[in-house]
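One structure below.
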Amino acid sequence: MINRILSFATLLIMCGSLQAKDHIVTSPNGKNVATVDDALNIRVAHNGKQVLTVKASLRDGLRIASVKSKSINETIQAPFYRQKEIRIAGNQLDVKLNDGFSLQIRAYDEGVAYRFSTTNKKQTIIYNETADFSFPEDSKAWLAYSTNDEKPFAMAFQNFYDETKLSKAKDKYIFLPATIESGGVKVTILESDLRAYPGMFLKADRLKLKADFAKYPKKMDYYKWRGMSYVAETEDFIAKSTGARSYPWRVMAITENDTEMPVNNLVYALAKPNQIGDTSWIRPGKVAWDWWNDWNLKGVDFEAGINTRTYLYYIDFAAKNHIPYVVLDEGWYDSSKADIMNPIAAIDLQKLIDYGKKKSVNIVLWTVFNVLDEHLREACEKYRKMGIAGWKIDFLDRNDQTAVEMAERLAKTCAEYHLFVDYHGFYTPTGMNRTYPNILNYEGVFGMEEARWAKKETDMPRYDVTFPFIRMMAGNVDFTPGAMRNGTKHNWVECYQNPVSMGTRCHQLACYVMHDSPFTMLCDAPTNYEREQECVDIITSIPDTWDETKILSGYISSYMVTARRNGSDWYVGGQTNWDERKVDIALDFLRPGESYQATIVTDGINANHNAEDYRIESRTLSANDKLHIKMASGGGFVVKLIKK
């Protein structure tokens, strides 16, 4: 009854602005209302207050012919996602347009989304898509800009968020997601079901964010460096296709509280369902990683580097700690010649694969996107027969139509060979891991690699408690945590060969709970971990998949506390920016009447001066208890709650 009254009140408030041919769709809880007029302006309101208007079109002259409505109620199985199952309900307008086009608009409790589709059986060329997001006031925004001023559509989709007034946004291309405060809520612009179409960028224009897209590639060329391809010349259109198709969803996630942001599921829910069938062969897990620590083993009796002896050591370390994967990053083949079909002489790959399998450790191989694509079936067949488990695929660095098609082609073909993939140098996720669940992880985040070349003024702890609210709405993140050398705000030092993370040891440990990341790196060197076995045990005891995820408290750019359930056990992780912080955690999410053995890992008393200081304690807790935890500057914590 309350929802009905709210929905009716919302419509009364809006009726003054409704035109004769306006059409509306309302979310099940009555809070989100989308109204479309004959000019395809979509007005979005929350609790009766307009939060934005979108001018939407795929070409000039589109007009409404007819409108139908329907309800949506789905239960979605979500393997390797932040929760095992998603239940989502919404209402939809099916708007038939002229020239064989149509428009779908959906209103969910979590936000509003729309997309175009066409029934045209011939070739359709899209010269541009209009998606102008206009806001009613000069609002605060969190915007991530392209890092390539000369070629803004060619970059790794990794940057800080500029926290700014919309009117003060830089004259630079913005990649998704983008978050804007409006009407007392936060609106986050994302996209879903991006297939055979370019990804969306935005540009600020006063109180608008206007969409722009990379043009369709006409001619490709290669960098000598790594054999990477790049767009040398473009067409005058953004997309082409033949036959009936749907275009990507334009998603406006609407959140009243910051704690709703990291668990908004619209991108995953709107993506095309699983296209590979059985997923039982896909094994999430942690992975010992070589590149970040620069193959920097200590105290061994061989020369460490890209060679068989070094990787045997990594395998032994992984086996000892029940880590199921070791990745061979760049260097196992001659990347200067793009020679993916032949490992270098210093690597006996078959020996490493066979040795690993004896110890229940599988090998994952790094490569460049187009290099694998140019040898796709040949490489998949060869290395699958040898026994690898998957690919870490790097340096796509663009999201034009042919790049998006390549990403889908790789995922689909790798699935045929039962190979999973981890996408790096990759655009912001758009739900492709629902369509191809063998995509276990994505980069597209300003992750731990930045610590190797960051400057003193870089504020990683602030970013660490910003991106989970924004970027993680789009999907999994391969942040690559686990640094055993940690620095405070005052004593952190830049060091490429022996890198240091910003923030405390517990800040690093918390990543393994806080991030949606079913394939998670341990970024530091095995010999560094071996001196800190307690930390290794904490990391490896944290599950890789979850039945349930909650954000217990937090504010964007300040701090965040996450709780996740695996079976009957719970894991809680928290991080703060450079501000010291105390948090109170009610354990009322635990099952009443049950006791839990708690392991509590917190910043040590001296962590403000020595970021590697931490302490571990154990106690028995229940749903009636509360925890009072102090985080140091750049600090964090982990709590494991194992049901007795």
Side-chain angles (χ1 to χ4, degrees), residues 32 42-47 49-56 110-114 130-149 152-153 155 157-192 199-213 250-262 264 266-267 427-430 444-446 459 462-474 477 554-560 577:
N32 296 323
I42 303 170
R43 302 192 299 277
V44 179
H46 179 81
N47 281 342
K49 188 172 183 179
Q50 186 170 327
V51 293
L52 80 158
T53 299
V54 189
K55 173 63 178 175
E110 296 85 356
V112 170
Y114 74 89
T130 299
D132 294 350
F133 302 86
S134 301
F135 295 87
E137 56 190 0
D138 192 6
S139 308
K140 183 187 287 187
W142 288 260
L143 308 173
Y145 302 108
S146 170
T147 54
N148 188 340
D149 292 335
F153 300 118
M155 47 93 209
F157 300 84
Q158 299 166 223
N159 205 355
F160 277 89
Y161 291 97
D162 180 24
E163 187 175 327
T164 181
K165 285 285 189 179
L166 199 53
S167 63
K168 302 294 185 183
K170 297 176 183 177
D171 184 24
K172 300 179 72 171
Y173 281 95
I174 299 157
F175 60 87
L176 301 184
T179 295
I180 303 92
E181 284 187 343
S182 182
V185 296
K186 286 187 173 71
V187 178
T188 302
I189 301 170
L190 307 111
E191 58 186 341
S192 181
M200 184 166 68
F201 284 76
L202 300 169
K203 254 205 157 180
D205 179 9
R206 295 182 292 276
L207 302 187
K208 292 183 180 180
L209 291 172
K210 304 181 74 170
D212 205 346
F213 302 85
R250 307 298 172 215
V251 182
M252 293 151 281
I254 299 173
T255 47
E256 294 179 348
N257 302 301
D258 289 2
T259 52
E260 299 169 12
M261 297 174 72
N264 186 290
L266 283 181
V267 170
Y427 55 84
T428 304
T430 60
V445 66
F446 195 82
D459 193 343
R462 180 181 178 85
Y463 178 78
D464 294 348
V465 291
T466 303
F467 86 79
F469 293 95
I470 302 174
R471 160 62 180 83
M472 217 157 67
M473 295 176 77
V477 288
Y555 296 99
I556 188 171
S557 303
S558 296
Y559 82 102
M560 186 168 123
N577 56 18

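Just so it is clear, the values below take in all heavy atoms, side chains as well, and ignore hydrogens, waters and symmetry mates.
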How long is the straight-line distance from [atom2] of [Y] back to [atom1] of [X], given to the nearest 0.5 Å?
| X | Y | atom1 | atom2 | answer |
| --- | --- | --- | --- | --- |
| Asp132 | Lys208 | CG | NZ | 5.5 Å |
| Ile180 | Phe135 | CD1 | CZ | 4.0 Å |
| Leu190 | Thr428 | CG | OG1 | 8.5 Å |
| Lys165 | Leu207 | NZ | CG | 10.0 Å |
| Lys210 | Ser134 | NZ | OG | 8.5 Å |
| Asn47 | Ile254 | CG | CD1 | 10.0 Å |

Within a strict 4.5 Å, meaning less than it, do heavy atoms of the [X] and [Y] side chains meet?
| X | Y | answer |
| --- | --- | --- |
| Thr147 | Gln158 | no |
| Met200 | Ile189 | yes |
| Asp258 | Met560 | no |
| Thr53 | Ile42 | no |
| Glu260 | Asn257 | yes |
| Lys203 | Asp171 | yes |
| Asp162 | Trp142 | no |
| Tyr559 | Asn577 | no |

Handout entry: Backbone N/O of Ala253 and side chain of Glu110: donor-acceptor pair under 3.5 Å
Key = no
Exercise for the section: Examine distances only and state if a side-chain atom of Tyr145 and a backbone atom of Asn159 form a donor-acceptor pair shorter than 3.5 Å. Expected result: no
Return yes if a side-chain donor-acceptor contact under 3.5 Å exists between [X] and [Y], otherwise no.
| X | Y | answer |
| --- | --- | --- |
| Asp138 | Ser167 | yes |
| Ser192 | Thr430 | no |
| Asp212 | Tyr173 | yes |

Practice task
Carefully, step by step, assess Leu143 and Tyr161 under the rule side-chain contact (heavy atoms from CB on, under 4.5 Å).
Solution key: CA-CA 5 Å; Leu143 308 173; Tyr161 291 97; 5.9 Å; no
Exercise for the section: Flag the pair Glu181 and Lys140 as a salt bridge only when some basic side-chain nitrogen lies within less than 4.0 angstrom of an acidic carboxylate oxygen. Expected result: no
Problem - Stepwise side-chain contact (heavy atoms from CB on, under 4.5 Å) test for Phe175 and Met155 - result: CA-CA 10 Å; Phe175 60 87; Met155 47 93 209; 3.7 Å; yes
Practice task
Please lay out, stage by stage, how Arg43 and Val54 fare under the test side-chain contact (heavy atoms from CB on, under 4.5 Å).
Solution key: CA-CA 6 Å; Arg43 302 192 299 277; Val54 189; over 6 Å; no
Handout entry: Residue pair Leu209, Leu166: steps toward the side-chain contact (heavy atoms from CB on, under 4.5 Å) verdict
Key = CA-CA 9 Å; Leu209 291 172; Leu166 199 53; 4.0 Å; yes
Practice task
Please name all residues satisfying side-chain hydrogen bond (donor to acceptor under 3.5 Å, both in side chains) with Asn148, sequence neighbours left out, ordered by chain then number.
Solution key: none
What side-chain donor-acceptor pairs closer than 3.5 Å can you find for residues 462-472, not counting sequence neighbours?
residue : atom : partner : partner atom : Å
Arg462  : NH2  : Glu163  : OE1          : 2.6
Tyr463  : OH   : Phe446  : N            : 2.9
Asp464  : OD2  : His507  : NE2          : 2.8
Thr466  : OG1  : Arg462  : O            : 2.7
Thr466  : OG1  : Ser557  : OG           : 3.0
Arg471  : NE   : Gly444  : O            : 2.9
Arg471  : NH1  : Gly475  : O            : 2.9
Arg471  : NH1  : Asn476  : O            : 3.4
Arg471  : NH2  : Glu443  : O            : 2.8
Arg471  : NH2  : Asn476  : O            : 2.8

Fill in the blank from the handout: Scanning both residues in full, the closest heavy-atom pair of Ala474 with Pro177 reads CB-CG, 4.3 Å
Exercise for the section: For Leu202 and Ala178, work out which heavy atoms get closest and say how close. Expected result: CD1-CB, 4.0 Å
Practice task
Report the relative orientation of the aromatic rings in Phe157 and Phe201; use parallel for angles under 30°, tilted for 30 to 60°, perpendicular for over 60°.
Solution key: tilted
